[in-house]
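Right, one structure below, let's go through it.
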Amino acid sequence: MTERTFGAAVLQPLVRQKELSILIATVAVAIYFSGTTHGFNSSDNYLTIVHYLAPWAIVAAGEVMLLICGEIDLSTGFMFTLSPFILMSFYNGGTPLILAVLLALAICAGIGALNGFVTTRFGIASFIVTLGSSFLLEGISLLMSNGAPIAAPSSGWVVQLFGKAHWAEPLWVLGIVVVMQILLSATRFGVSTQATGGNPVGAAEAGIRVNLVKIVNFSIAGTLAGLGGIIDGLRLGSFDPTNGGPNTMFLAVASAVIGGTALLGGRGTVVGALLGSILLGIVFDGFALAGVNANTFDVVLGIAIVIAMLLNVYLGHLRKRVSRT
């Protein structure tokens, strides 16, 4: 075996693991903060990190599907904000809580599908469509809440299941990531999603209903964003019209991009987005423990996104070279 062949044999299984680079970075950052901050390695702090990253990871699971098929939804952060107030409008009207949750999620799914329909039917960029719906959803949230937080339901098995129980939120995150990764990588719909983003013309010629795939993924993104808002609000015990918004959306997209999802479509994994959100959660928590100014987090986030994109491009070229050897 030649030196070049041996090198290719070693590199090939590594570069094909799309999440490898972000996993290494996440472990390295965790080790750094473990050694430089007090209290990082404790069960309570681990749970704090999960509370940081859970909203981003849940929203990112939907954004990944959209980004892979070549679209984006800027309104998911405001869907995150609005869904609890939709829930409360049903609940205050006498609807059982579990049914109110399901109705709220159904409306979120419908709003997402409407974004997808407008995008595909009229050929308007999803960036523009969802930017407009972001302001609309924000306004509705403020009207429904009168601009003030409201108390969330605080007792019952539904409240415990949807976030109040001690480890409910991390279990929801893991469950959503597993289901969405299986949907993406082991189903015909997932293959259609990747084909739609990678080569939409070829996908359409192969019989894939490209527009329908996009509409369904918009609906999934809206549903997951709404679910994330309900889980986070029930955990906190109140629904706040200032929670979510563009900050949650951008951190979700950042998690997806850092985790290896291509902004131009065709490539990405939900597991990678989870790793991206874990990295951001660790950095955010580590800075807080170290007493670093919170504004520094935005600087690190910007640098991390650029580095992640450059690294993903480099690994893409490396995979092609290794596959030829």
Side-chain angles (χ1 to χ4, degrees), residues 54-67 69-90 92 100-101 103-150 152 211 214-233 236 238-257 261 263 265 273 277 295 298 301-302 305:
W56 317 332
I58 293 173
V59 177
E63 288 285 3
V64 164
M65 301 295 289
L66 276 176
L67 290 169
C69 68
E71 304 293 345
I72 191 170
D73 190 343
L74 301 183
S75 68
T76 49
F78 292 103
M79 198 85 75
F80 182 98
T81 305
L82 177 62
S83 60
F85 297 108
I86 298 175
L87 180 157
M88 291 304 293
S89 68
F90 286 113
N92 290 335
V101 170
L103 289 172
L105 295 180
I107 291 175
C108 291
I111 295 172
L114 181 60
N115 283 334
F117 175 78
V118 173
T119 296
T120 56
R121 177 66 178 82
F122 299 101
I124 306 174
S126 56
F127 181 94
I128 301 300
V129 173
T130 57
L131 179 62
S133 61
S134 295
F135 288 104
L136 175 63
L137 297 180
E138 180 184 28
I140 294 174
S141 298
L142 292 172
L143 289 172
M144 293 183 71
S145 65
N146 292 319
I150 62 174
N211 287 348
K214 291 184 177 183
I215 291 172
V216 171
N217 279 313
F218 270 103
S219 183
I220 290 173
T223 303
L224 290 178
L227 177 59
I230 290 171
I231 292 173
D232 196 55
L236 294 171
S238 67
F239 299 137
D240 191 336
T242 64
N243 193 24
N247 189 55
T248 296
M249 182 275 297
F250 280 122
L251 286 168
V253 172
S255 298
V257 172
T261 300
L263 285 173
S277 66
N295 294 329
D298 291 334
L301 177 59
I305 292 174

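What you see is a predicted model, and the numbers here were worked out from it, not measured in a lab.
The minimum heavy-atom distance between Ala273 and Ala256, with the atom names listed, is CB-CA, 3.9 Å. Gly226 approaches Cys108 most closely through the heavy-atom pair CA-SG, 3.8 Å.
Met144 has its side chain within reach of Leu82: a pair of non-hydrogen atoms, C-beta onward, lies under 4.5 Å apart. In this structure, Glu138 and Thr81 have side chains that are not in contact, with every pair of non-hydrogen atoms separated by 4.5 Å or more. For the pair Ser133 and Ile111, the minimum side-chain heavy-atom distance is 4.5 Å or more. Side-chain contact check for Ile150 versus Phe85: some heavy-atom pair is nearer than 4.5 Å. When side chains are defined from C-beta on, Phe239 does not count as touching Ser145, because their heavy atoms never get closer than 4.5 Å. For the pair Ser75 and Phe135, the minimum side-chain heavy-atom distance is 4.5 Å or more. In this structure the side chain of Ile107 reaches within 4.5 angstrom of the side chain of Phe90, judged on heavy atoms. Two residues are said to be in side-chain contact when any heavy atoms from C-beta on lie closer than 4.5 Å; Leu137 and Met79 meet this criterion.
Of the possible polar contacts, one joining the Ser126 side chain to the Ile72 backbone as a donor-acceptor pair under 3.5 Å is found. Without hydrogens or angle criteria, Thr130 side chain to Leu74 main chain gives a donor-acceptor distance under 3.5 Å.
Remark: Asp73 CG to Phe127 CZ distance equals 12.0 Å, nearest 0.5 Å.
The stretch residues 214-229 participates, sequence neighbours left out, in these side chain to side chain donor-acceptor pair (under 3.5 Å) pairs: Glu71-Lys214, Thr193-Asn217. Legend: side chain to side chain donor-acceptor pair (under 3.5 Å) pairs involving residues 240-250, not counting sequence neighbours, sorted by first then second residue: Asp232-Asn243, Asp240-Thr242.
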